[in-house]
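Excluded from the calculations below are hydrogen atoms, water molecules and symmetry mates; all remaining heavy atoms, backbone and side chain alike, are included. In what follows, chains carry the letters A, B, and so on, assigned in the order in which the sequence lines appear, proteins first and then strands, with residues in each chain numbered from 1.
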Amino acid sequence: MNDKEILETNSKEKLKIVFMGTPDFAVPALKKLIERHNVISVFTKEAKPVGRNMVLTKSPVQVVAEEYGIPVQTPKNFKDVLSITKVQMFHPDMIIVCAYGVILPERVLDIPRLGCINIHASILPRHRGANPIQRAIMAGDRMAGVTIMNMDKGVDTGSMLLKDAIPVPQDMTYGELENALSEMGGNLIIEYLDNMDNILPQRQPREFTLAPKLEKEEAIINWEKNATTIHNLVRGLSPYPYAKFTHNDNVIKLIKSEVVKETTDKPAGTVLSNDLQIACGEGTVLKILSVQKAGGKIIDTKSFLNGYKIEIGEVLK
RNA sequence: CGCGGGAUAGAGCAGUCUGGUAGCUCGCAAGGCUCAUAACCUUGAGGUCAGUGGUUCAAAUCCACUUCCCGCAA
């Protein structure tokens, strides 16, 4: 063991880390890393106009980084030499990426001597891609988790280092699962850094599934699908952007639903009862528990029906 | 100045255009009917119509401003 290696071993707890991430999901990991290691810089997506008044808003990761006084970089991407140089400048031992939203080219992946490590919110190789958490709920997965992995030039294709998983109750929403996995990701990356030397990278099995970015049309409910599929869509898109349907030109978001045991022979979309049980595909029935109308707050179905007319026998589209 | 909707009883809404007694569906309370009920009937309580100012004989309603809430878009 030469001097350099001894030095590295002794200073392992003081790894120079560059953190890359953007949304709330990445915040627990960032905080834990800041507390235990040496996060020398944070890369995040640039502040963008957001919300009702188009106010320029910093990403949650940037807000936290600035609270801790850590320098923040917001390159648009790494297609130009300058933004790559920005990474090189810091001479990081390791880059840790968590829901960054920007693709890292090989020239960036090669910079840190300990490589680029990704915190991915699925049990790989299931749900590679941009929206693993929503996709897991939408698919009705019984288990969900986080994988710590080495990054390579493919999207979520690198070798796996550490995993953890939790059961997913069939009424859990995307938001709830995201919170759970967000904490898990923070804990798991710390666990990895503590035990790095004893962890062997493992190749991903060949069989994988993709979790592509959500398209807008996917939020529109198709009553021809069976009730479980729709129910999974509802909770997979809660609390954002919510599954929706239109009734008399009113957009109605479906906040909470429940699959009913009974079956029906009415065509899909038929309103079956005065508490909004709706016929779905294959004779299944979905009960709507709470909704939100454009301009209104989230309310339970009973309140909603006190002021909004939907007749039994109507067929929703 | 990105586009738009909204604030009326504990809840959800109508009424505003066209100014003139505060309404609907629920909930709540009391009583009745019933073997019984979340069903049905009767009665009742509960409002500073978001706030401030203006117009008017008269404002939930028209005008101006303020505060708060929400949808779209990104």
Just so I know, are the side chains of A/M94 and A/I117 near enough to count as touching, which here means a heavy-atom distance under 4.5 Å? yes
If you look only at pairs with a residue in residues 82-93 of chain A, which of them pass as a salt bridge (Lys or Arg N to Asp or Glu O under 4.0 Å), with sequence neighbours excluded? A/D93-A/R113
Should A/V87 and A/V39 be counted in the same cluster of Ile, Leu, Val, Met, Phe, Trp and Tyr side chains packed under 4.5 Å apart? no
I'd like the C1' distance from B/A38 over to B/G46, given in whole Å. 23 Å
Mind calculating the distance between CG (A/D300) and C1' (B/U25) to the nearest angstrom? 14 Å
Strand partner of B/C57, provided both Watson-Crick or wobble distances fall under 3.5 Å: B/G20
Using 30° and 60° as the class boundaries, would you call the ring planes of A/F245 and A/W223 parallel, tilted or perpendicular? perpendicular
Could you measure between the two C1' atoms, the one in B/C24 and the one in B/C65, and give it in whole Å? 33 Å
For B/G27 versus B/G12, give the span between their C1' atoms, rounded off to a whole number of Å. 11 Å
Expressed in whole Å, how much space separates the C1' atoms belonging to B/U8 and B/C40? 30 Å
Treat primed atoms plus P, OP1 and OP2 as sugar-phosphate and everything else as base, then score nucleotides 66-74 of chain B 5' to 3': B for base contact with protein heavy atoms under 4.0 Å, S for sugar-phosphate contact only, - for none. ---SBBBBB
Given the C1' atoms of B/A58 and B/A45, what is the spacing between them in whole Å? 29 Å
Please measure how far the C1' atom in B/G51 lies from the corresponding atom in B/G10, and state the result in whole Å. 22 Å
Distance check, C1' atoms only: B/A7 and B/C13, in whole angstrom units. 12 Å
So, A/T147 and A/H120: side-chain donor and acceptor under 3.5 Å apart, yes or no? no
Taking atom C1' of B/G12 as reference, at what distance in whole Å does atom CZ of A/F304 sit? 10 Å
Any strand is fair game: report the nucleotide pairing with B/A29 by Watson-Crick or G-U wobble, both distances under 3.5 Å, or none. B/U43
Do the charged groups of A/R126 and A/D141 touch, with an N to O distance under 4.0 Å? yes
Salt-bridge contact A/E218-A/R135 (side-chain N to carboxylate O under 4.0 Å): yes
If the P atom of B/G15 is compared with that of B/C68, how far apart are they to the nearest Å? 27 Å
